[in-house]
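One structure is given here, and the rest of the page talks about it.
Model, not experiment: these values are computed from the prediction. By convention in this document, chain letters (A, B, ...) are assigned in the order of the sequence lines, proteins followed by strands, and residues within each chain are numbered from 1.
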Protein chains: 2
Amino acid sequence: MAREKSGKKISLQTVERMSLYRKVLEDLHRDGVANVYSHQLAELVRVSPAQLRRDLASFGSFGNISKGYPVYQLILTISRLFGTDTLQNVALIGAGNLGRALLFYRGFEERGFHIAVVFDIDAEKIGRVFAGRRCHHIQDLEAVLPDFGVAMAILACGAQNLQSLVDRLGRAGIRSILNFVPRQIHAVAGMNVENVDFSAKMEKLSFLNRYGTALEFEI
Amino acid sequence: MAREKSGKKISLQTVERMSLYRKVLEDLHRDGVANVYSHQLAELVRVSPAQLRRDLASFGSFGNISKGYPVYQLILTISRLFGTDTLQNVALIGAGNLGRALLFYRGFEERGFHIAVVFDIDAEKIGRVFAGRRCHHIQDLEAVLPDFGVAMAILACGAQNLQSLVDRLGRAGIRSILNFVPRQIHAVAGMNVENVDFSAKMEKLSFLNRYGTALEFEI
DNA sequence: GATGCGCTGTGATTATATTCACAGTAACTC
DNA sequence: GAGTTACTGTGAATATAATCACAGCGCATC
Ligand SMILES: NC(=O)c1ccc[n+]([C@@H]2O[C@H](COP(=O)([O-])OP(=O)(O)OC[C@H]3O[C@@H](n4cnc5c(N)ncnc54)[C@H](O)[C@@H]3O)[C@@H](O)[C@H]2O)c1
Ligand SMILES: NC(=O)c1ccc[n+]([C@@H]2O[C@H](COP(=O)([O-])OP(=O)(O)OC[C@H]3O[C@@H](n4cnc5c(N)ncnc54)[C@H](O)[C@@H]3O)[C@@H](O)[C@H]2O)c1
């Protein structure tokens, strides 16, 4: 997908694994580890050493040939790759059970994302404050959004008219959407969408329970 | 991974897409559509028609050559593949903000999963009832679990001693874990783990915002 | 019942991802 | 300062996934 100046490509699968690497690197850093070898890090994230080296090499060369990789340095580099070395504001649509759990979740901030504005459609919720953030009416979207400079939105609302909400978000300058609503939505040009579907993960697990990582599969 | 009697393999990526297919098939079914062509379904899930046909063919042949695929039939077949044609009980560990959102979420039941038991460690929560389910103390895990015949657990608890909790779940007969805790856990032999990490999805989106589905990428 | 159309299922092909395996080298030893 | 060790980065090889492209068929039409 993306390309480094030197011409190397970086695949989305690599980017996904990068999140894992960073997560365990944070743990190592907390434990005071300064350097780590590819085989150690690979072991921790359950990936082959060769793959880890290739992933890291795909955006430049960082390993010291006999000390391994510098933990803190690598954390910073990956954060820059993600653009999360500085906190960025995101919008939340829907302050229901899930939306409020997200508002009280501190894990986002730790990873560089700050839910800065909240919107809902339920009159009962407008004006209320959740974890320090006031809930606005969805009809004020265009009026309120520019105050916060957000490029990403999290959808945790109802399923009705979802696509038109997405289109509207696109027109209002949102470039990426994290979608928790179990409906297929279509990105407008230049917009990125990631769906989160717990049930799908459960289905995968259930499939694995039946047919195993191991083999023979009968209908 | 898995193999059909005829010897065909079915890959995990196919299984993941199968969840998508089923989701839009449900929509079609609700709208009264009886049959659908591969190119229509493919368009709805944003996948190539050839891939869709191959995915479906990978667990047997189901398309009528001139009517396309029978919508309802296909829903049933995919459900059987997942083992979600009958409701299965799952356990929830942790009745915090996220855990309670999951308890009140009806989407699981619609997809064949029923959160049947809840465990927490916080004395204040033990004995309380959330969405009809009583919360048990985690120390009673081994005593209570067998009553419910669960093979899958959802982790929405704190991060302390997580791995030993996982090991304990394994010994208590849990075969699959859906893990919301942002720590790397290691499956015991024969156990399957799926991690849900919202922040990782946000990181991916943020990366895409910076470097685009389009190309040139500079450090 | 012959003709044409447009579908599915799949062999063949191409593209992508992963692993192998090793050249090159920093650090450490004596 | 020569020898040894164990690492990284990466071409080459392999494995896996996606796409192409078409044979073969059911159905509609005449
Ligand atoms: N609760 C969960 O654990 C969970 C899990 C997975 C997916 N989801 C999905 O996430 C979404 C939210 O789930 P929930 O449990 O919080 O539901 P909820 O009913 O508790 O909350 C939905 C909130 O969205 C608001 N809303 C509805 N339409 C809106 C709109 N057009 N604009 C702005 N706000 C709007 C509602 O007023 C409500 O406050 C649902 O689509 C659900 O399917 C929830
Ligand atoms: N809230 C979110 O939106 C969100 C999002 C992503 C991930 N997570 C993760 O999910 C987990 C739960 O999040 P939360 O917001 O519900 O936190 P929370 O603090 O509200 O709830 C955690 C609950 O787990 C219980 N608990 C802790 N240790 C336990 C143990 N060993 N056994 C049983 N119960 C135990 C606590 O008593 C508490 O009730 C956390 O690890 C969090 O990082 C949460």
Could you note down all residue pairs passing salt bridge (charged side-chain N to carboxylate O under 4.0 Å, His left out) where [range] supplies at least one of them, sequence neighbours left out?
range                       : answer
residues 101-120 of chain B : A:Asp197-B:Arg111, A:Glu203-B:Arg111, B:Arg106-B:Glu110
residues 31-41 of chain B   : none
residues 174-195 of chain B : A:Asp27-B:Arg183, A:Lys201-B:Glu194, A:Lys204-B:Glu194

Report task. Give me the residues of residues 63-72 of chain B where at least one heavy atom lies under 4.0 Å from an atom of DNA chain D, by number, or none. Result -> B:Ile65, B:Ser66

Query raised in the report: Should the pair B:Arg171-B:Glu142 be classified as a salt bridge under the 4.0 Å nitrogen-to-oxygen rule?
Result: no

**Report entry** Helical bend (five base pairs per end, nearest 10°) for the helix from C:dG1-D:dC30 to C:dC30-D:dG1
**Finding:** 10°

Query raised in the report: Could a donor-acceptor pair under 3.5 angstrom be found where the side chain of A:Arg54 meets the base of C:dT18?
Result: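 It does not, because no donor-acceptor pair links the side chain of A:Arg54 to the base of C:dT18 below 3.5 Å.
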
Query raised in the report: Does any pair with a residue in residues 153-166 of chain B pass side chain to side chain donor-acceptor pair (under 3.5 Å), and if so which ones, sequence neighbours excluded?
Result: B:Gln163-B:Asp167

Report task. Could you note down all residue pairs passing side chain to side chain donor-acceptor pair (under 3.5 Å) where residues 38-49 of chain A supplies at least one of them, sequence neighbours left out? Result -> A:Ser38-A:Arg53, A:Arg46-B:His186

**Report entry** Listed partners of B:Ala131 passing side-chain contact (heavy atoms from CB on, under 4.5 Å), at least two apart
**Finding:**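 side-chain contact (heavy atoms from CB on, under 4.5 Å) list for B:Ala131, sorted by chain: B:Leu103, B:Phe104, B:Arg133.
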
**Report entry** Set of residues satisfying side-chain contact (heavy atoms from CB on, under 4.5 Å) with respect to B:Ile78, sequence neighbours excluded
**Finding:** B:Met18, B:Tyr21, B:Arg22, B:Leu25, B:Phe59, B:Leu74, B:Phe82

Query raised in the report: Does a nitrogen or oxygen in the side chain of A:Ser48 sit under 4.0 Å from OP1 or OP2 of C:dT18?
Result: no

Requested in this report: For A:Leu52 and D:dT8, give me the distance from atom CG to atom C1', rounded to whole Å.
Outcome: 11 Å

Requested in this report: Round to the nearest Å and state the distance from B:Gln13 atom CD to C:dT18 atom P.
Outcome: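 So the two atoms are 9 Å apart, to the nearest Å.
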
Report task. For B:Thr14, report the nucleic acid contact type (base, sugar-phosphate, nothing); a contact means any heavy atom under 4.0 Å. Result -> nothing

Could you run down the sub-3.5 Å N/O contacts of the protein with nucleotides 21-23 of chain D?
| from | atom 1 | to | atom 2 | distance (Å) |
| --- | --- | --- | --- | --- |
| D:dA21 | N6 | B:Arg53 | NH2 | 3.4 |

Query - Pairs where residues 155-182 of chain A contributes a residue and the test ring pair (Phe, Tyr, Trp, His ring centres under 6.0 Å) is met, not counting sequence neighbours - result: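 As it turns out, the ring pair (Phe, Tyr, Trp, His ring centres under 6.0 Å) pairs with a partner in residues 155-182 of chain A, which skip direct neighbours, are A:Phe180-B:Phe198.
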
Query - B:Tyr72: partners by ring pair (Phe, Tyr, Trp, His ring centres under 6.0 Å), with sequence neighbours left out - result: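 For B:Tyr72 the ring pair (Phe, Tyr, Trp, His ring centres under 6.0 Å) partners, ignoring immediate neighbours, are B:His29.
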
